[in-house]
Amino acid sequence: MPDLAPYAVTENNSRGRQVPEPYPVARGEFQRDRDRIVHSTAFRRLEYKTQVFVNHEGDLFRTRLTHSIEVAQITRSIARALHLNEDLAEAVALSHDLGHTPFGHAGQDALNGCMKEHGGFEHNLQSLRIVDRLEESYASFDGLNLMHETREGILKHCSPRNAELLGEIGKRFIEGRQPSLEAQLANLADEIAYNNHDIDDGLRSGLITLDQLDQVSIFRRNRETVEADYPGLGGRRLIHETVRRMIHQMAMGLIEQTRANIAAAGVASLDEVHRAPRLVAYPAGLLPELRVLKTFLRENLYHHYQVLRMTDKARRIIRDLFQAFMGDPRLLPPQYLHMARTDTPRAIADYIAGMTDRYAMREHRRLFAVGEIH
Ligand code: MG
């Protein structure tokens with residue numbers, strides 16, 4: 001890869017794969033990781049999983065798949081500007097949401113509640129579990145056998161208890177070390193993506209309005225710039241021109257602040273990245289504006305009564321499914337029944353977490369709809 005900074009992850013400073021493999025032909029190790037993720041079953045399922053809106057509510061809203069692609073785009077652009085390892089950054093971005101349950105955060109919270117006595121459920125840990133164990137594609141190993149740094153990037157946060165259980169990959173949480181800059185970047189690019197596309201989806205759905213968004217200074221300011229440049233512009237074009245300026249402002253802020261942080265810390269190697277404080281960051285001036293934006297989205301979109309009705313129903317579906325399978329694990333499909341012999345609740349959580357929105361609804365109907373016996 002051309003022109004990498006001395007603190008970027010490379011194949012030379014990487015800790016490699018758990019199961020040794022021959023060097024890939026005509027591509028690098030991190031390209032191979034990215035490719036394995038794109039070819040995985042869990043990645044395809046993202047197409048039918050909720051970001052904010054349930055998949056069938058409209059064809060134009062973001063799904064986990066299009067969200068992940070937008071995160072990868074932003075991550076890759078910023079990684080290039082900072083001379084980081086684009087392939088690693090992209091691999092982390094594309095896989096960051098693989099462990100999400102159906103129905104977004106409501107689904108995760110419900111499943112975590114069901115798993116309370118059995119080790120809990122956390123989508124971020126589940127993403128790692130998928131790439132480490134659950135994908136069944138390769139003859140000589142479970143999972144995708146990804147590079148250490150890709151796995152490290154997927155595991156964004158972790159409780160001390162889970163860190164102990166995870167061994168090597170969990171160590172940095174106990175020792176207080178940072179992940180690579182590529183991983184730090186993918187994490188913040190996730191935020192840039194959803195803060196902006198949720199405005200777009202929110203407006204498209206009619207659950208929030210342009211008038212309401214005047215409370216959000218970063219939106220209002222950019223909208224006023226667009227209107228000054230293009231008087232009379234309205235509708236979709238006005239929204240898109242505003243949102244693209246916001247993405248640009250956040251991405252540029254991140255690039256400049258991160259460069260300054262790296263210089264100030266005198267970081268010149270990957271090892272120093274691990275030992276330094278978090279270096280990928282927004283400029284301090286942008287933080288209050290981002291907080292206002294997040295609060296606005298939470299209060300007006302994520303907690304909109306129409307969204308809450310959906311999430312309430314979603315929670316019920318997840319709980320019903322979990323209880324039905326716990327009550328009689330023989331209702332599980334054979335592959336999961338097999339896994340249930342070692343750990344029944346975990347096998348059920350794996351099965352439910354892997355469902356798409358529509359599969360979960362169908363499964364719920366199959367198990368509970370009275371008058372439908374087939
Ligand atoms: Mg995400």
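Just so you know, ligand 1 is whichever comes first in the structure, and atom 1 is the first atom listed for that ligand. Both backbone and side-chain heavy atoms feed into the values below; hydrogens, waters and symmetry mates do not. This one's a predicted model, so the numbers in the text were calculated from it and none came from an experiment. Numbering of residues begins at 1 and proceeds along the displayed sequence.
Each of Leu165, Leu128, Asn124, Leu166 was evaluated against Cys158; a single residue qualifies, Leu166, per the side-chain contact (heavy atoms from CB on, under 4.5 Å) test.
Residue Arg177 qualifies as enclosed at atom CZ: its count of foreign heavy atoms under 6.0 Å is above 12.
Close placement of the His67 and His96 rings is indicated, their centers lying within 6.0 Å of each other. Ring centroid separation for the pair Phe325 and Tyr351 comes in under the 6.0 Å cut-off.
Looking only at protein N/O/S atoms, the ones less than 2.8 Å from the Mg ion (ligand 1) make 4 in total.
Note on Asp87 versus Arg27: no salt bridge recorded, every NZ/NE/NH1/NH2 to OD/OE distance being 4.0 Å or above.
Every residue was checked against the ring pair (Phe, Tyr, Trp, His ring centres under 6.0 Å) condition with His240, not counting sequence neighbours, and none meets it.
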